[in-house]
Amino acid sequence: MLKLRKKTLKIIMSKGITSRNEDYSQWYNELVTKADLAEHSSVRGCMVIKPYGYSIWEKMQAALDKMFKDTGHTNAYFPLFIPKSFFSKEASHVEGFATECAVVTHYRLKNDGSGNIIVDEEAKLEEELIVRPTSETIIWNTYRGWIQSYRDLPILVNQWANVVRWEMRTRLFLRTAEFLWQEGHTAHATSEEAIEEAEKMLHVYADFAENWLAVPVVRGVKTPNERFAGAIETYCIEALMQDGKALQAGTSHFLGQNFAKAFDVKFTSKEGKLDHVWATSWGVSTRLMGALIMAHSDDQGLVLPPKLAPIQVVIVPIYKSAEELNRISEVADALVKELKAMDISVKFDDRDTQRPGFKFAEYELKGVPVRVAMGARDLENGTAEIARRDTREKQTVNQEGLASYIENLLGEIQENIYQKALKFRNDSITKADTYEDFKKILDEKGGFVSAHWDGTPETEQRIKEETKATIRCIPLDNALEDGVCILTGQPSKQRVLFARAY
RNA sequence: CGGGGUGUAGCGUAGCCCGGUAUCGCGCCACAUUUGGGAUGUGGAGGUCGUAGGUUCGAAUCCUGCCACCCCGACCA
């Protein structure tokens, strides 16, 4: 009895994580650190992305980068530092970012004579440099030199970079002071073309979210309140997490001529007329890691979509002697070779320092989609035990044709977790026609609430203050429907999606 | 940035009220027995008690500043 209790306790303390029901945000934090994705650094608000987590990000980058290239974009790199004066050129842009900028004021340190390193006050910068919170200003200042004629357009550039936004409250991946992202910045001859670009990239993001992350998203536009600082229109993809809170997973902005005017970027058109250039910008960040984690994972740990899993298949040998391990290894090595030829990432974990049960638990925690276990019994029968992470089902399969069986299974898992998330998302969109219902749904069910809104920022603001819910978006394919605003009773032509959000 | 909480070995903690140099579990190292769902036994290593001051003969413990993290607000990808 005592032994049993000791054992239970140990499991809880060594690897067990808080359940989602118990405390969702603690579950998230523990998952991120215990699955070796990231940890807090000694710098306030900044994280260390660990190798396993970074591998996932690299896979996201590779997939997105290809999609950008396939839509005609090329990569470039702009400076980390932005002169303060650039920043103040676009009024609403400054206003949006002013409160969260890191500023470089000096360029040298010195020894104060008693062994302390201090800032050399004499090495003060003429003009302070802002650590980029986003790069529109430095990029549009640069584009001025690149653009004279309609022949120079469009410019379709993307950059992979880090940015800094001095956040008050941070959470690993979801909101950190420094984060990694990509930002596309395009320049166009016409408004129509720029809008088309902004919409195109939104759909690229949506495709990526659904086909790679296996996270269904709502495509929509933001209300003026939620719009990017300096944008005319902000398009977004909104995802739903398992706790019923929404997460903005990507944004694409039609910037109009705002930045072209602020940085005096003009071109001569075919007709010989001088006009300001039209702009877009679009970005997704390491926040997608948060979306990925919160959309699929369970109380046993991470659940990764096969397309983004650093290790797609793990093979665990079960043996009693070195001789047995040798025989298993022969079969496993052949399988590894076969899977690699199919471009499937596989790991044969023949570590002798951990027992099989430990490995099972470890790979479940890390979200490896498929696990193959092979022991003496399997060698005799020509079989292997296959366990899938998403459903935690196990079955015994013939070694004959195993590789293609696994290949199919990976596809099935990718589809299954998407369908599961899609069902949850669809079940979590609830219509509300009164303010009472609206509040009740938010408190009891969560998710998106589809409701009529009178279209004014004041109403949106009041609802936000009273319920903590914001308008996540006005869906692009929204059906028109006459109704009255849930708060004011004013007439409304369509429902919008409200939710509490990350 | 405001309110609340926490900080003791790699991790989780006891001790703090009532001052006397730190408890337990996991993990780690060695050896043996084990290996189809987080092994067991024996032996061993590991701590400037977040940090800087102060009070005191003596501080993990009392006082003050600072830092970090967690929760709740305001802000945001």
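First the proteins, then the strands, lettered A, B, ... as listed; each starts at 1.
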Interatomic distance where [atom1] belongs to [X] and [atom2] belongs to [N] [whole Å]:
| X | N | atom1 | atom2 | result |
| --- | --- | --- | --- | --- |
| A:E393 | B:rG37 | CD | P | 18 Å |
| A:I318 | B:rU34 | CD1 | P | 18 Å |
| A:R351 | B:rG38 | CZ | P | 16 Å |
| A:I17 | B:rC11 | CD1 | P | 18 Å |
| A:F360 | B:rA39 | CZ | P | 11 Å |
| A:Y319 | B:rG37 | OH | P | 15 Å |
| A:Q354 | B:rG38 | CD | P | 13 Å |
| A:F358 | B:rC26 | CZ | P | 14 Å |

Discussion item. Using modelled atom types and a 3.5 Å cut-off, is there a donor and acceptor pairing between side-chain atoms of A:D65 and backbone atoms of A:Q61?
Written reply: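 Not a single qualifying donor-acceptor pair exists.
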
Item to complete: Output yes when a side-chain donor or acceptor of A:R377 lies under 3.5 Å from a complementary backbone atom of A:A384, and no otherwise.
Response: no

For [N], which nucleotide in any strand shown is its Watson-Crick or wobble partner with both distances under 3.5 Å?
| N | value |
| --- | --- |
| B:rA60 | none |
| B:rG12 | B:rC24 |
| B:rG38 | none |
| B:rC66 | B:rG50 |

Worksheet item: When you check the phosphate oxygens OP1 and OP2 of B:rG36, does a side-chain N or O of A:R355 lie under 4.0 Å from one of them?
Response: yes

Worksheet entry | Within 6.0 angstrom of A:Q354 CD, more than 12 heavy atoms from elsewhere | yes

Practice prompt. State which residues pass side-chain hydrogen bond (donor to acceptor under 3.5 Å, both in side chains) with A:E400; sequence neighbours excluded, sorted by chain then number.
Written response: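 Partners of A:E400 under the side-chain hydrogen bond (donor to acceptor under 3.5 Å, both in side chains) test: none.
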
Worksheet entry | Any residue meeting side-chain hydrogen bond (donor to acceptor under 3.5 Å, both in side chains) with A:S88, in chain and number order, not counting sequence neighbours |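 Scan of A:S88 (side-chain hydrogen bond (donor to acceptor under 3.5 Å, both in side chains), adjacent residues dropped) gives none.
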
Worksheet item: Hey, does A:G290 reach any base, or is it just sugar-phosphate, or nothing, if we go heavy atoms under 4.0 Å?
Response: nothing

Practice prompt. May I ask you to say what A:R371 touches in the nucleic acid, namely base, sugar-phosphate or nothing, with a heavy-atom cut-off under 4.0 Å?
Written response: base

Item to complete: Kindly say whether the aromatic ring centers of A:H93 and A:F87 come within a distance under 6.0 Å.
Response: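 Distance test on ring centres: under 6.0 Å, yes.
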
Fill in: Centroid-centroid under 6.0 Å between A:W282 and A:H73 rings
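Yes, the ring of A:W282 comes within the 6.0 Å limit of the ring of A:H73, centre to centre.
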
Item to complete: Encode nucleotides 70-77 of chain B as B, S and - characters from 5' to 3', where the letter depends on protein heavy atoms closer than 4.0 Å: B to the base, S only to sugar-phosphate, - to neither.
Response: SSBBBBBB

Worksheet item: Quick one: side chain to side chain donor-acceptor pair (under 3.5 Å) pairs with a partner in residues 285-298 of chain A, sequence neighbours left out?
Response: A:D298-A:R389

Discussion item. Show me the pairs that pass side chain to side chain donor-acceptor pair (under 3.5 Å) and involve residues 216-226 of chain A, at least two apart or across chains.
Written reply: A:H203-A:R219, A:K222-A:E238, A:K222-A:Q248, A:T223-A:E460, A:N225-A:E460

What protein N or O atoms touch nucleotides 30-33 of chain B N or O atoms at under 3.5 angstrom, if any, and at what distances?
none

Worksheet item: Quick one: does A:K394 reach the base of B:rG37 with a side-chain donor-acceptor pair under 3.5 Å?
Response: yes

Item to complete: Give a yes or no on whether a salt bridge exists between A:K245 and A:D243, defined as a side-chain N under 4.0 angstrom from a carboxylate O.
Response: no

